[in-house]
Amino acid sequence: MTQDYILSTNSLTKEFKGFTAVDDVNLNIERGTIHALIGPNGAGKTTCFNLLTKFLTPTRGTILFNGKDITHKTPTDIAKMGMVRSFQISAVFPHLSVMDNVRIALQRKTGTSFHFWKSDKTLDVLNDRAMELLEEVGLGKWADTITVEMPYGRKRALELATTLALEPELLLLDEPTQGMGHEDVERVMHLIKKVSAGRTILMVEHNLHVVSSLSDRITVLQRGAVLTEGPYEEVSQNPQVREAYMGTEAAGSEAA
Ligand SMILES: Nc1ncnc2c1ncn2[C@@H]1O[C@H](COP(=O)(O)OP(=O)(O)OP(=O)(O)O)[C@@H](O)[C@H]1O
Ligand SMILES: [Mg+2]
């Protein structure tokens, strides 16, 4: 049986002045799954993520999205193809309302940028879809709030709504719960689970509670290379993984 991979890398490598940060990585992300990229500090997670999202150019290797070679595409190119990176703080306008932020994202998608008042009908369709997206991420009640006035966790939900406006097939999340308190972490976890329906999600995440609760599969990086790959139960029992995490986070422990 052949697997249906939405994203694959072949010998993906990134060198910085002779130092190999990502070393011959072969990743396969199965369509419809939540896949986590983990590893101890300095393992190469961020570098790998930046290669996948086209923020960095690989030294060697190739990246395939839906079978197409995207190694030399730009972030904008791949966004149009359906591969979108979320949770970049800069992605929302702090002094606009929550609703306006989603409307702008929707217009970016349709290419009618900033023509808010084109016609009543366009406006209605836009408003309806924006409200739908806000409801999806639990921000219905916050529509008229000025973004900067929302708590941190809610801002991240808004970022997710603006990303979903682009209708991603593959959603790339960079540390989605970073810097959050317990309540926000739980909320964002539910949100990720919810928006994963009908999509594929690849996330870099430090919080092993989040990783173990959400991920179908996990790739563990160590010193730039893939240490192991599999479901959490398997990966967390791997002695090398346990050793790699010793003194940082306790992979496999119930409390993790
Ligand atoms: N631009 C750069 N120039 C030189 N070395 C770099 C650069 N970016 C990353 N590195 C090095 O590559 C290695 C991997 O870094 P990376 O940030 O990808 O790790 P990480 O797994 O994201 O770590 P963390 O858990 O601390 O976020 C580190 O040793 C880092 O110092
Ligand atoms: Mg990092």
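Remember, it's a predicted structure, so these values are computed and weren't measured experimentally. In this chain, residues are counted from 1 in sequence order. Whatever order the structure lists them in is the order used to number ligands and atoms, beginning at 1.
Residue Phe19 holds the heavy atom nearest to atom 13 (C) of ligand 1 of all those in Phe49, Phe16, Phe19.
Scanning the protein for heavy atoms near atom 25 (O) of ligand 1, the closest one is Lys45 NZ, 2.7 Å.
Residues satisfying the side-chain contact (heavy atoms from CB on, under 4.5 Å) criterion with Glu15, sequence neighbours excluded, are Thr13, Thr20, Thr59, Arg60. In this view, Arg154 and Leu139, Trp142, Met150, Pro151, Arg187 satisfy the side-chain contact (heavy atoms from CB on, under 4.5 Å) rule, not counting sequence neighbours.
Figure legend: Arg85 and Phe55 shown as a cation-pi pair, the cationic atom lying under 6.0 angstrom from the six-membered ring centre and within 45 degrees of its axis.
Interface atoms of ligand 1 facing Thr46, defined by a heavy-atom separation under 4.0 Å, are 17 (O), 18 (O), 20 (P), 22 (O), 27 (O). Taking every heavy atom of Thr47 and a limit of under 4.0 angstrom, the matching atoms of ligand 1 come to 9 (C), 15 (O), 16 (P), 18 (O). Interface atoms of ligand 1 facing His206, defined by a heavy-atom separation under 4.0 Å, are 25 (O).
The side-chain heavy atoms of Leu221 and Cys48, taken from C-beta on, include a pair separated by under 4.5 Å. At a threshold of 4.5 Å between non-hydrogen side-chain atoms, the residues Glu159 and Leu173 do not count as touching. Considering only heavy atoms from C-beta on, Glu205 stays 4.5 Å or farther from Ile38 through its side chain.
Contact annotation for Lys17 and ligand 1: no heavy atom of the residue comes within less than 4.0 Å of the ligand.
For the Mg ion (ligand 2), the N/O/S atoms of Thr46 include one lying under 2.8 Å.
For a threshold of 3.5 Å applied to N or O pairs, the pair formed by Gly42 and ligand 1 contains at least one separation below that value. Any N or O atom pair closer than 3.5 Å counts here, and Gly44 shares at least one such pair with ligand 1.
Taking a distance limit of 4.0 Å, we find that atom 30 (C) of ligand 1 is approached by no protein heavy atom.
To the nearest 0.5 angstrom, Asp23 atom CG is 12.0 Å from Gln222 atom CD.
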